[in-house]
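Working notes, structure below.
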Amino acid sequence: MTKQFAQIIVDVPTMQTNQPYTYIVPQNMVDSLMLGMRVTVPFGARQVMGFVVGLISQTELSEEQLRPITKILDLTPVINTELLSLSSYLAEETFAFRITILQTMLPSAFKANYERTIKIIDEVDEDVRERIFKGLDEIPFKSSDFNDTDIAMLLKLRRQHKIEVTIEVHNKVKIKTQLAYQFSNDIAFLEEELEGLNKSAKKQKIVLQFILGHLGETWAKKELQEVLGLSNEIFNQAAIKKWLKKTQVELLRDPFRSEVQPTELLKLNQQQQEAYEQVVGASDTHKFQPFLLEGITGSGKTEVYLQAAQHVFEQEKTVLFLVPEIALTPQMVRRVKGRFGAQTAVLHSGLSDGERYDEWRRIERGDVKIVVGARSAVFAPLDNIGLIIVDEEHETTYKQSDNPRYDARKIALWRGDYYQIPVVLGSATPSLESRARAQKGIYELLTLTERAGDAKLPSVQIIDMKETLAQGPETNFSNELRIQLIDRLEKGEQTVLMLNRRGFSSFVMCRDCGYVPCDPNCNLAMTLHMDTHTLKCHYCGHEESIPTVCAQCGSNRIRYYGTGTEKVEAELHELLPKARVIRMDQDTTRKKGSMDRMLQKFGNHEADILLGTQMIAKGLDFPDVTLVGVLNADTSLGLPDFHASERTFQLLTQVSGRAGRAQKPGEVFVQTFNPQHYAIAYAQKHDYEGFYRQEMAIRHAGNYAPYYYTVQIQASHSEENQVAMQMLKVAHWLRLHADKNVIILGPSPKPIAKMRKRYYFQIILKFKQRHEMDKLLQELQYRAQKAKGDLQLSIDRDPVSFM
DNA sequence: AGCACGCCGACT
DNA sequence: GTCGGCGTGCTC
């Protein structure tokens, strides 16, 4: 029985429309419409885009209630059945609309672009015809083209049925197509035709025989002509005789294929070999098995990944390899491409919409074996995955910070379960939650404790900055670190200096009254920018000149406080005038490719010191770096977040790993005001396991993750009173309906309470039973949307930051 | 989101 | 009396 009805998720992101709607599939679409295609459908008075998420032959709704699909937008499905079911899981998991999830899965080229046209269908005013329609019957309509009175008039004319508005749905990015021929697959018919062919019809015979050899296939006209060397005319005849039919296929831009040096397989050491065999074993037995690969920096995790991938290819399966965006460096890409050549797709943030679309198509068509990419690459349309790798699994960038707030690690595990394959989560400093799962046996723990090539872990010195500052003037450099810097400079060895700036920046403060200039919109301390000599708000972009007199007490002793990379660079220059310094921070790396250029320069020894923020902690590998300095270890300890210690430990461990990779031993100097803090002490000893145990005890005592689920409810409003009041109501409602064991904290203003002229409040929930809470949260979401007013509420499961 | 329907104030 | 203001609710 033919499927007559289609279930469509429409492109209307609201709570009330977050469900499939049923449409009639017109007779002429029955053959071509497939699950996962996009269509346009009438929805109320207009046309909208929608995704086909179901095809059914029966419906409870009566025919009069149903309307037919207007148009099919795709030649082939853009969402496969696996991703379709992933989308419904994710919609629940992230409290997002299904349509939002579906759009997130696809390159933005597939987003709908609604083009309106207005058309005169009855007598209208001469003025309107001339002034608005420029004497034409039909014009494109963009609301920005008209003022309010004109729009009001046009609306009126429409109500009087004097003009008509039509909407066409297009792709956001133009998809190029070319003429192609789809061969018939009716053997009997074709053979009959071949029999009945006139002897002189040699060309027709060639075509027919070719079709018989490629039954049902689709060939681009250009290619077919090249192969057969025949003219258009013959194919047109073939089309008339129904041997083949004309169709359109996509024309793909030639994928960029740079030549890469093949990389050699490295010999695995004992531990690597064991890890490799475990992963490959799970792959061979077709079993869903998450692994936590806990390997110290430099222990060769990547080689394990690559060889396991190689094994999976031999089974004709594909690999999904996720890395944090920051690790998606040309070096890393070169390494993978070198091993697997052109069958590698790389998805990174630098691609244009068109390029991203092309890579997506290559993956979707099965042209690639391995996809390397950051967070959003977890939706790569691979359909025969044999292995999923999540490198640096502790990285918070795997969690998207705005809607839909999905976690790529969870999705990786979901897809792994779907395909019954191994999923490898790798890190030197696993997230507490992953390490705890390994403890419980949910993940299998694989450990690498040896550095490749006999390299030793660097020695780490902790320096108490309280003492440094007690002895002398304000400075960013302790005596100890200063001595080391001079020493490296003399020896011609390189240094990496990290300024920990998480949630911290340089600002201006009055030394007499403590006044700090804040910007008028966000009420945040403004950041000092020496290059433009201004104060800027990091969040809204507000900018003003640096004051010379305190606005509060009139003192002229208002000056810089805190530290920025520029200031450190200046001090460094004073200290070591001869040292060549490269400064890397958000300002100097904003331009595309500038980060790579700087790293290359440093790698070529064109500088002695690399000074940067967190971004330099990850994945860089320079053999001549023998000294790493962390200027202020503790700014990340002071965050209003239970992850603060974990983040600090991870950061220190990561940055320490930059020292002494090759034969030369490395040294690390960590400056801090909290030398006794356990996160710093364990980082000094390179003792992840010790840190893990202590931090787990603290999490346990404080009822934090991974012992409890955490959910953050945040709301914003343009009026402070409103958001405070509404959130009090929400908290009250939750306390009324939630189980007694649910811990409800707040509401309280967020640490950054005002941003872009809106006030933010949050409520934190901690609980153990997920399902009951999920229902309640769905209900909350629904009510929040129905409630009128300017309140915006969002729910974030397992938030990675409370800022 | 958009769009229609519907119920109240100020106007040709 | 009608036009048009926006509040309310629905869209297969």
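Numbered from 1 within each chain, the chains take letters A, B, ... in sequence-line order. Below, each value reflects all heavy atoms present in this structure, side chains not excepted, and no hydrogens, waters or symmetry copies.
- A salt bridge links A:Glu364 with A:Arg361: the closest approach of a Lys/Arg side-chain nitrogen to an acidic carboxylate oxygen falls below 4.0 angstrom.
- Not less than 6.0 angstrom separates the ring centroid of A:Tyr89 from the ring centroid of A:Tyr418.
- Using a 4.5 Å cut-off on side-chain heavy atoms (C-beta onward), A:Met49 and A:Gln103 make contact.
- Distance A:Gln785 CD to B:dG2 C1': 14 Å, rounded to the nearest Å.
- A donor and an acceptor atom, one from each side chain of A:Ser87 and A:Arg98, are located under 3.5 Å apart.
- At whole-Å resolution of the value, CG in A:Asp11 and C1' in B:dG2 are 12 Å apart.
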A correct 5'-to-3' footprint of nucleotides 6-12 of chain C, with B, S and - meaning base, sugar-phosphate only and no protein heavy atom under 4.0 Å, is --S--BB
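- When atom types are taken as modelled, the side chain of A:Gln726 and the backbone of A:Leu791 share no donor-acceptor pair closer than 3.5 angstrom.
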